[in-house]
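Proteins get letters first, then strands, A, B, ... in listed order; numbering begins at 1 in each. Just so it is clear, the structure is predicted and the values come from calculations on it, not from any experiment.
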2 protein chains.
Amino acid sequence: MEPEILELESFLPYRLYRLADTVSREFSRIYKERHGLTRPEWRTLSGLGQRGTMTATELGEQSAMHKTKVSRAVAELERRRWLTRTPDEKDRRVEHLALTKAGLAAYREMVPLAKAFERELLARLSVEERVAIARGVAALEKALEEKS
Amino acid sequence: MEPEILELESFLPYRLYRLADTVSREFSRIYKERHGLTRPEWRTLSGLGQRGTMTATELGEQSAMHKTKVSRAVAELERRRWLTRTPDEKDRRVEHLALTKAGLAAYREMVPLAKAFERELLARLSVEERVAIARGVAALEKALEEKS
DNA sequence: TTTCGATGGTTACAAATGAAACCAGTTTGG
DNA sequence: CCAAACTGGTTTCATTTGTAACCATCGAAA
């Protein structure tokens, strides 16, 4: 029996990672060049822009970030005066985060760029391919949620 | 006209990244727990196991790693005596890398685990979903190759 | 030849990350 | 009421990463 070989180029975890890495790296140029944001900072901005107000914990859940990443991103955005913290009345450990005018302005500027990026990426696929990626990604997401 | 909002949860770059991150993190437990390997080290092992002999540059291309990552991973595997370097006859800048017996043994041990991981992940999807993810990922890979 | 730009690979340094310890403050159970 | 367990969030420390500078060698052109 001959030794088994793994073909890295067709190994799903590798392919997914490389794909995500490439896409993410390319997209990051947008917020990096424009505002010098890191990915956690971008996600924080985006999360708060979308939902209006969240606590750090909620932010972490929504954008799949470890709490230390959230903590640092929030600190940096606060330093820029892009967000403010409001202590919770009932539970003094909790702070409610919200974007300031400046933060909201940055968010509003980024949204169309983000959408355009996604649109242009998907435009290179056929309709069936777009359906396939949407379906496949959704299926994997669901599978991972359930099992773990 | 109301302000545009970006829904992070449906934004493809974010979804891809989170997916890859989850899968990769879960898979990494296998080589991390078993041998204390980092991802670049695992990819190096895997690349050499698959191809037999490669230069550092080739390794970087095959496994999508920056050359510093390759350099460090190779150094570590060499330290473990899992690989050896053979200077190229014609070009003295180049070294040909190959796994030792020990390295090959580790590789052979890892391959079935990697395959099982992938199989179990895909087993949670329906046939159509498996087709969809394969097709979608391939399409995106192709789109990214061409454009950039 | 000699020089100069490219290439294979390593190293130094700064920034980003993760794990674990930590500090409040809160809840639970005795 | 009080101690113990828990939770929201921050900080510390070690590791990983990326960028850029670097060293050696090579190839092409003058």
Side-chain angles (χ1 to χ4, degrees), chain A residues 17-18 20-22 24-29 31-33 35-45 47-48 53-80 83-98, chain B residues 17-18 20-22 24-29 31-33 35-44 47-48 53-79 83-98:
Chain A
Y17 193 92
R18 193 184 49 178
D21 194 58
T22 306
S24 179
R25 209 182 280 286
E26 212 155 303
F27 177 58
S28 79
R29 289 222 304 262
Y31 53 75
K32 196 162 289 177
E33 284 175 5
H35 292 295
L37 293 176
T38 62
R39 188 168 45 226
E41 284 155 21
W42 149 250
R43 284 197 191 165
T44 300
L45 180 69
L48 291 177
T53 282
M54 275 194 282
T55 68
T57 302
E58 288 165 349
L59 241 173
E61 282 160 11
Q62 197 231 355
S63 54
M65 294 192 289
H66 187 79
K67 58 186 190 164
T68 62
K69 274 190 188 168
V70 175
S71 175
R72 287 160 183 152
V74 166
E76 168 60 20
L77 294 189
E78 184 185 32
R79 203 193 55 71
R80 291 185 184 219
L83 69 72
T84 53
R85 312 177 190 237
T86 314
D88 183 278
E89 293 297 312
K90 320 225 153 174
D91 186 338
R92 277 150 53 211
R93 292 169 304 182
V94 177
E95 291 172 324
H96 299 278
L97 310 166
Chain B
Y17 193 93
R18 194 185 48 180
D21 194 57
T22 308
S24 178
R25 209 183 282 285
E26 214 155 302
F27 177 58
S28 79
R29 289 221 304 263
Y31 52 76
K32 197 162 289 175
E33 284 176 6
H35 292 295
L37 294 174
T38 63
R39 186 168 45 227
E41 285 155 20
W42 149 251
R43 284 197 191 165
T44 300
L48 292 177
T53 282
M54 276 195 282
T55 67
T57 303
E58 288 166 348
L59 241 174
E61 282 160 11
Q62 196 231 354
S63 55
M65 294 192 290
H66 188 80
K67 58 186 190 164
T68 62
K69 275 191 189 168
V70 174
S71 175
R72 286 161 184 152
V74 166
E76 168 61 20
L77 294 190
E78 185 186 30
R79 203 192 57 69
L83 69 73
T84 54
R85 313 177 191 236
T86 314
D88 183 280
E89 294 296 313
K90 319 227 154 173
D91 186 339
R92 277 153 52 214
R93 292 169 304 181
V94 177
E95 292 171 324
H96 299 278
L97 309 167

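- Between A:L97 and A:E58 there is no side-chain heavy-atom pair separated by less than 4.5 Å.
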For A:L83 and A:E78, what are the C-alpha separation, side-chain angles and deciding distance, and is it a side chain to side chain contact (heavy atoms under 4.5 Å, CB included)? CA-CA 5 Å; A:L83 69 72; A:E78 184 185 32; 4.0 Å; yes
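- The existence of a salt bridge linking A:R93 and A:D91 is confirmed by a sub-4.0 Å separation between a basic side-chain nitrogen and an acidic carboxylate oxygen.
- Residue B:R25 places at least one side-chain N or O under 4.0 Å from the OP1 or OP2 atom of C:dG18.
- As a whole-Å value, the separation of A:K32 NZ from D:dG18 P is 10 Å.
- For A:V94, the listed nucleotide lying nearest its side chain is D:dG9; candidates were D:dG9, C:dT17, D:dC26.
- The ring-ring contact (aromatic ring centres under 6.0 Å, His included) search around A:F27 returns A:Y31, A:W42, A:F117, B:F11, not counting sequence neighbours.
- The base of D:dT7 sits with one of its N or O atoms less than 3.5 Å from a complementary donor or acceptor on the side chain of A:R93.
- Side-chain atoms of B:P40 lie closest to D:dT17 of the nucleotides C:dG9, D:dT17, C:dT26.
- Remark: B:K69 is in phosphate contact with D:dG18, judged by side-chain N or O atoms under 4.0 Å from OP1 or OP2.
- A donor-acceptor contact under 3.5 angstrom links the side-chain atoms of A:R72 to the base of C:dG18.
- Of the side-chain N and O atoms in A:T68, none sit less than 4.0 angstrom from OP1 or OP2 of D:dT11.
- Listed pair A:S71 / D:dT11 fails the phosphate criterion, with no side-chain N or O lying under 4.0 Å from OP1 or OP2.
- In this structure, A:R92 does not reach the C:dT27 phosphate: none of its side-chain N or O atoms is under 4.0 Å from OP1 or OP2.
- Distance NE2 (A:H66) to C1' (D:dT12): 13 Å, rounded to an integer number of Å.
- The side chain of A:R39 has C:dT17 as its nearest neighbour among C:dT17, D:dT11, D:dG9.
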